[in-house]
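So the structure is just underneath, and the comments pick up after that.
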Amino acid sequence: MTAAPVRPPVRVALAESVAELPTEGPWAYEPKFDGHRLVLFRGADAGPRGVLLQARSGRTVTGAFPDLVEAARALPEGTVVDGEVVVWTEGRIDFAAVQRRAAATPGRVPELARTLPASYAAFDLLADAGTDLRARAYRERRERLVALLAPLGPPLQPVPMTTDPELAGVWYESLRATGVEGLVIKRLDQAYPSGRRAWLKLRHSDTRDAVVVGFTGGRARPQALVLVLPGDDDPLLSSPLAPAVRARAAELLPAPDGEAGMNAIGFGDITYRTVPPELTVEVRQQATRHRTAAVVRFRGGAE
């Protein structure tokens with residue numbers, strides 16, 4: 001077997017928010033599929049089945065997605081792909097379902113793989129046939145990504161891409177109903193920017209959905225929520241809850257998974273109780289010294 005030339009953990013490329021669609025320059029536009037960021041490794045040093053899945057944080061999460069592991073075995077050895085795992089429910093991206101998959105205990109994994117099958121939206125190719133492509137232009141990486149995945153089909157698929165800003169604008173407006181949050185914009189002549197915010201992202205608003213995975217304070221009067229945002233598996237502590245949101249949280253929070261533990265959330269060690277990832281909230285991210293978010297409201301049937 002061939003060892004992949006790019007080895008885990010990989011520092012993934014990141015994107016900086018912009019307020020309008022850039023049009024001047026050699027731009028590529030992709031829909032922003034919000035799920036669970038995964039780098040997929042296929043090779044001799046990628047675990048017992050020759051496949052390893054790495055989350056954005058660098059954690060290995062191979063065991064959570066056996067359906068993707070099996071599909072990835074069809075890839076040539078020495079392949080490394082960057083992308084997003086998503087779960088579709090009634091024609092929409094279901095981030096809460098993705099988080100249930102990511103957080104499942106080993107005993108629950110087979111059932112969830114059957115009832116909530118995952119899809120992999122691939123948006124970059126870091127290595128192909130044993131060749132490290134990170135220094136190559138995005139134009140070449142994209143061409144090789146499409147050629148690699150086209151013969152395979154679902155659940156491994158390249159995200160759509162266009163160089164036409166007018167079509168990108170149509171995507172931005174029309175795909176919102178499917179849960180696509182906006183667009184990611186890359187320069188066609190750009191190398192893969194590991195660990196840097198060198199890509200751009202255009203969102204529909206400054207709010208986005210997050211999954212509740214825990215809370216601080218008492219269940220009858222929670223002080224803050226512990227959240228997971230799309231594309232990021234590191235927990236995030238919300239700012240203190242507004243009275244109306246606190247009252248709604250007290251009604252909706254499920255029973256804790258277990259005893260509170262010490263967990264690093266953004267800054268310092270904060271004690272919180274974990275809950276099953278069943279509730280989705282709308283949050284507004286805040287530009288402060290510490291990574292945080294304000295909870296606006298509960299989503300879906302919990303509104």
Side-chain angles (χ1 to χ4, degrees), residues 12 14-19 32 34-37 55-59 84 93-100 102-103 176 179-182 184 195 197 200-303:
V12 299
L14 303 172
E16 180 180 1
S17 293
V18 293
K32 190 175 186 302
D34 278 333
H36 200 81
R37 184 76 173 267
R56 170 177 162 171
S57 63
R59 290 190 305 115
E84 204 90 0
I93 295 172
D94 187 342
F95 179 56
V98 176
Q99 187 57 27
R100 285 199 292 275
R176 189 174 187 178
V180 171
E181 187 189 44
V184 173
R197 293 191 180 277
L200 305 177
K201 57 186 175 185
L202 178 66
R203 291 198 181 112
H204 288 286
S205 70
D206 62 349
T207 63
R208 60 194 307 206
D209 287 352
V211 172
V212 180
V213 297
F215 62 91
T216 65
R219 186 180 172 196
R221 189 174 174 77
Q223 299 302 306
L225 300 180
V226 182
L227 311 168
V228 173
L229 292 168
D232 190 353
D233 58 321
D234 286 330
L236 169 72
L237 185 68
S238 79
S239 55
L241 301 178
V245 176
R246 178 181 296 119
R248 192 66 174 134
E251 297 175 3
L252 297 173
L253 282 171
D257 275 343
E259 295 301 315
M262 298 301 293
N263 297 268
I265 311 173
F267 59 97
D269 287 333
I270 298 174
T271 302
Y272 72 94
R273 293 186 180 274
T274 61
V275 296
E278 299 172 351
L279 296 175
T280 303
V281 292
E282 182 181 309
V283 301
R284 179 175 293 108
Q285 287 188 270
Q286 300 168 312
T288 64
R289 179 168 169 251
H290 300 299
R291 208 170 65 104
T292 186
V295 178
V296 178
R297 58 173 178 150
F298 283 84
R299 299 284 286 171
E303 291 182 274

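Small disclaimer: the values here were computed from a predicted structure and weren't measured.
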Quiz prompt | Atom pair CZ/CD of Arg246 and Glu251 - distance to nearest 0.5 Å | solution = 13.5 Å
Exercise. Check whether more than 12 heavy atoms from other residues, nucleotides or ligands sit under 6.0 Å from atom CZ of Arg221, and answer yes or no.
Key: no
Quiz prompt | Heavy-atom closest pair, residues Ala294 and Ser239 | solution = CA-OG, 3.4 Å
Self-check item: Sidechain-backbone polar pair: Arg219 side chain, Leu253 backbone, donor-acceptor under 3.5 Å
Solution: yes
Exercise. Identify the heavy atoms of Ala220 and Ala250 that sit nearest to each other, and give their distance.
Key: O-CB, 3.3 Å
Quiz item: Does any non-hydrogen side-chain atom of Arg208 lie less than 4.5 Å from one of Glu282?
Solution: no
Practice problem: For the residue pair Leu279 and Pro254, establish whether any side-chain heavy-atom pair is separated by less than 4.5 Å. | Solution: yes
Exercise. Give, for atom CZ of Arg56 and atom CZ of Arg37, the distance between the pair rounded to the nearest 0.5 Å.
Key: 7.0 Å
Quiz item: Hey, what do you get for OG1 (Thr280) to CZ (Phe298), rounding to the nearest 0.5 Å?
Solution: 10.0 Å
Exercise. Report the C-alpha separation of Leu227 and Val283 in whole Å, then their side-chain angles, then the decisive distance to 0.1 Å, and conclude whether the side-chain contact (heavy atoms from CB on, under 4.5 Å) test is met.
Key: CA-CA 9 Å; Leu227 311 168; Val283 301; 3.7 Å; yes
Exercise. Could you check if a side-chain atom of Val295 sits within less than 4.5 angstrom of a side-chain atom of Leu241, using non-hydrogen atoms only?
Key: yes
Exercise. Applying side-chain contact (heavy atoms from CB on, under 4.5 Å), run through Lys201 and Glu16 and close with a yes or a no.
Key: CA-CA 6 Å; Lys201 57 186 175 185; Glu16 180 180 1; over 6 Å; no
Quiz item: Are Val275 and Val212 close enough, and set up right, to give a side-chain contact (heavy atoms from CB on, under 4.5 Å), and what steps lead you there?
Solution: CA-CA 8 Å; Val275 296; Val212 180; 4.2 Å; yes
Quiz item: Got a second to check how far Leu229's CG is from His36's NE2, nearest 0.5 Å?
Solution: 12.0 Å
Practice problem: Please round to the nearest 0.5 Å and tell me the distance separating atom CZ of Arg273 and atom OG1 of Thr216. | Solution: 11.5 Å
Quiz item: Roughly how far apart are Arg176 CZ and Glu181 CD, rounded to 0.5 Å?
Solution: 9.5 Å
Exercise. May I ask you to test the Asp34-Phe95 pair for a side-chain heavy-atom distance under 4.5 Å?
Key: no
Exercise. Taking the side chain as every heavy atom from C-beta outward, state whether Arg297 and Val245 have any pair of such atoms under 4.5 Å apart.
Key: no
